[in-house]
Amino acid sequence: MRALSGVWRWRHNPLRRATDRREAWVALVAFVLLVLAAPALGWLFGSRADDTLQETVRAQQARSHLTTAVVVRRATGARHFVADPEISTDRAALTTVSARWQAPDGTARSATVTTASRNTAPGARVRIWTDRDGQPTLRPMDAPTAHTHAVLAGFGAAMLVALLIEAGRRLIVWRMVQQRYERLDRAWAEAGPDWGRTGTGS
């Protein structure tokens, strides 16, 4: 912001240097990009990500089916195929059970699955997700979860663009300062460091 104020303060100052104006304008352009470009690109990336994720949601839900299975017995140390569809967090307590159910074509299926149901006694009914063949599968992503991921992706993209803009501004200003020092060194070398004795005959 100090560099931005320089655009106005140095307009008519007789001591202003061309590099001062250029640095201020670089800061102004970077500020405009931070305010406009970063949010716009973040929104665009998030919108594209949301469209892609929503398509994934529709595809997953089209090939997944919510099925009621009957618990045969509890199992331990078995592979986890699917969680209960009402689970909203990975911290939910899961129980591994051996269960049987019917596939969409009516054939019997059985496997070891996981459930968040509190009633896992033999004969209890639990809900699981299966694919088109009736095999256990992972719970499909829902639309709100996909939207949340898209928002986070858009926010991350905006932050990355902002970081690149600020890094570019710092790099440009650093290079301008280096060029200023190089010009000063050349001018000093041409003038000669005689400490004010020029023309005195000494």
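For the single chain, residues carry numbers from 1 onward in sequence order.
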(request) Considering non-hydrogen atoms only, spot the tightest contact between Ser117 and Val126 and give its length. (result) CB-CG1, 3.7 Å
(request) Answer yes if the side chains of Thr130 and Thr67 hold a donor-acceptor pair under 3.5 Å, and no otherwise. (result) yes
(request) Following the transitive rule for hydrophobic clusters with a side-chain heavy-atom cut-off under 4.5 Å over Ile, Leu, Val, Met, Phe, Trp and Tyr, establish whether Val29 and Leu41 coincide in one cluster. (result) yes
(message) Side chains of Arg175 and Gln179, heavy atoms from C-beta outward: is any pair under 4.5 Å?
(response) yes
(message) To check you understand the geometry: which heavy-atom pair defines the closest contact between Ala146 and Val57, and what is its length?
(response) CB-CG2, 3.7 Å
(request) Could you walk me through whether His147 and Gln54 pass side-chain contact (heavy atoms from CB on, under 4.5 Å), step by step? (result) CA-CA 8 Å; His147 183 67; Gln54 294 301 334; 4.2 Å; yes
(request) Rounded to the nearest 0.5 Å, what's the gap from CG on Asp50 to CD on Glu55? Could you check? (result) 10.0 Å
(request) Check whether the side chains of Thr56 and Arg58 place a donor and an acceptor atom closer than 3.5 Å, and report yes or no. (result) no
(request) Please report the closest heavy-atom contact between Leu34 and Pro39, naming both atoms and the distance. (result) O-CD, 3.3 Å
(message) What I'd like to find out is whether the side chain of Val113 reaches to under 4.5 Å of the side chain of Thr96, using heavy atoms alone.
(response) no
(request) Say whether, by atom type as modelled, one donor and one acceptor occur between the side chain of Asp105 and the main chain of Thr107 under 3.5 angstrom. (result) yes
(message) Are Leu184 and Val173 connected into the same hydrophobic cluster when the rule is that any two of I, L, V, M, F, W, Y join if their side-chain heavy atoms are below 4.5 Å apart?
(response) yes
(request) Please check if Leu33 and Val161 belong to a single hydrophobic cluster, counting links between Ile, Leu, Val, Met, Phe, Trp and Tyr side chain heavy atoms closer than 4.5 Å. (result) yes
(request) Can you see which heavy atom on Gln60 is nearest to which on Met141, and at what distance? (result) OE1-N, 2.8 Å
(message) Could you check whether any side-chain N or O of Trp101 sits under 3.5 Å from a backbone N or O of Gly134, counting only pairs where one atom can act as donor and the other as acceptor?
(response) yes
(message) Working to the nearest 0.5 angstrom, can you tell me the gap between Gln135 CD and Ile128 CD1?
(response) 9.5 Å
(message) I need the Asp133 CG to His65 NE2 distance, nearest 0.5 Å.
(response) 9.0 Å
(request) With rounding to the nearest 0.5 Å, note down the distance linking CZ in Arg169 to CG in Leu28. (result) 12.0 Å
(message) Would the distance check show the side chain of Ser47 and the main-chain N or O of Trp43 forming a donor-acceptor pair, the cut-off being under 3.5 Å?
(response) no
(message) For the residue pair Thr145 / Asp142, report whether a side-chain donor-acceptor contact shorter than 3.5 Å exists.
(response) yes
(request) To the nearest 0.5 Å, tell me how far Thr137 OG1 sits from Arg63 CZ. (result) 7.5 Å
(request) Supply the atom-to-atom distance Arg132 CZ to Ser64 OG, rounded to the nearest 0.5 angstrom. (result) 9.0 Å
(request) Flag yes if Leu160 and Leu36 sit in one hydrophobic cluster, no otherwise; membership is Ile, Leu, Val, Met, Phe, Trp, Tyr, and two members link when side-chain heavy atoms are under 4.5 Å apart. (result) no
(request) Give a yes or no answer on whether the side chain of Gln102 reaches the backbone of Arg109 with a donor-acceptor pair at less than 3.5 Å. (result) no
(request) Looking only at non-hydrogen atoms, find the nearest pair between Gly42 and Ala157 and report the distance. (result) CA-CB, 4.3 Å
(message) Please say yes or no: joined through hydrophobic side-chain contacts below 4.5 Å, possibly via intermediate residues, are Val35 and Val32 part of one cluster?
(response) yes
(request) For Arg183, look at atom CZ and say whether over 12 heavy atoms of other residues, nucleotides or ligands are found less than 6.0 Å away. (result) yes
(request) For residues Trp129 and Pro140, determine if any side-chain heavy atom of one lies less than 4.5 Å from a side-chain heavy atom of the other. (result) yes
(request) Check the pair Thr112, Val97 against side-chain contact (heavy atoms from CB on, under 4.5 Å), reporting the backbone distance first and the verdict last. (result) CA-CA 6 Å; Thr112 301; Val97 298; over 6 Å; no
(request) Would you mind reporting whether Thr120 and Thr115 have side-chain heavy atoms less than 4.5 Å apart? (result) yes
(message) We want to know whether Ser98 and Arg74 form a side-chain donor-acceptor pair, criterion being a heavy-atom distance below 3.5 angstrom.
(response) no
